[in-house]
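Note that the structure is predicted; figures quoted are calculated from it, not measured.
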Amino acid sequence: MKRRSALITLLAIGIAVMFSCSKDEMIPMTSVIGKWEIKASINGFTGQRENFDEGNGQIVEFGVKDYYFMNGNNTAKKGGIPLKES
């Protein structure tokens, strides 16, 4: 009896998990375009987080096809954004 009960419970959990996941929602590009101040950075190798004070001058600017990392008035890094066709 316990085995049957455990099987039914696992089956119910499996079905719930299968149907609870949905496709990721697409974020409209216009909601990202603009200038953003960087509040924190996480090192990809060490996982350490570095927090920045408000008004720190580290800005990232997203355009339709490109981005710019600004440090004060200087461009620290720039590049293009590959667009995925739907």
Check whether [X] and [Y] end up in the same hydrophobic cluster, where Ile, Leu, Val, Met, Phe, Trp and Tyr are linked by side-chain heavy atoms less than 4.5 Å apart.
| X | Y | result |
| --- | --- | --- |
| Phe62 | Phe69 | yes |
| Trp36 | Ile38 | yes |
| Val32 | Val60 | yes |

- Residues in side-chain hydrogen bond (donor to acceptor under 3.5 Å, both in side chains) with Asn51, at least two apart? Arg49
- side-chain hydrogen bond (donor to acceptor under 3.5 Å, both in side chains) involving Asp66 - partner list, sequence neighbours excluded: Tyr68
- Find out whether Glu37 and Gln58 are in side-chain contact, i.e. whether some heavy atom of one side chain is under 4.5 Å from a heavy atom of the other. no
- Task: Verify, without hydrogens or angle tests, whether Thr75 (side chain) and Lys77 (backbone) share a donor-acceptor contact under 3.5 angstrom.
- Result: no
- Task: Using modelled atom types only, decide if a donor and an acceptor are shared between the side chain of Asn71 and the backbone of Asn74 within a distance under 3.5 Å.
- Result: no
- Message: Does Asn73, at its CG atom, have more than 12 non-hydrogen atoms belonging to other residues, nucleotides or ligands within less than 6.0 Å?
- Response: no
- Note on the structure: Scanning both residues in full, the closest heavy-atom pair of Ile33 with Val64 reads CD1-CG2, 3.7 Å
- What distance do Asn56 atom CG and Lys39 atom NZ have between them, rounded to the nearest 0.5 Å? 11.0 Å
- Could you pull out all residues at least two apart from Phe52 that satisfy ring pair (Phe, Tyr, Trp, His ring centres under 6.0 Å)? none
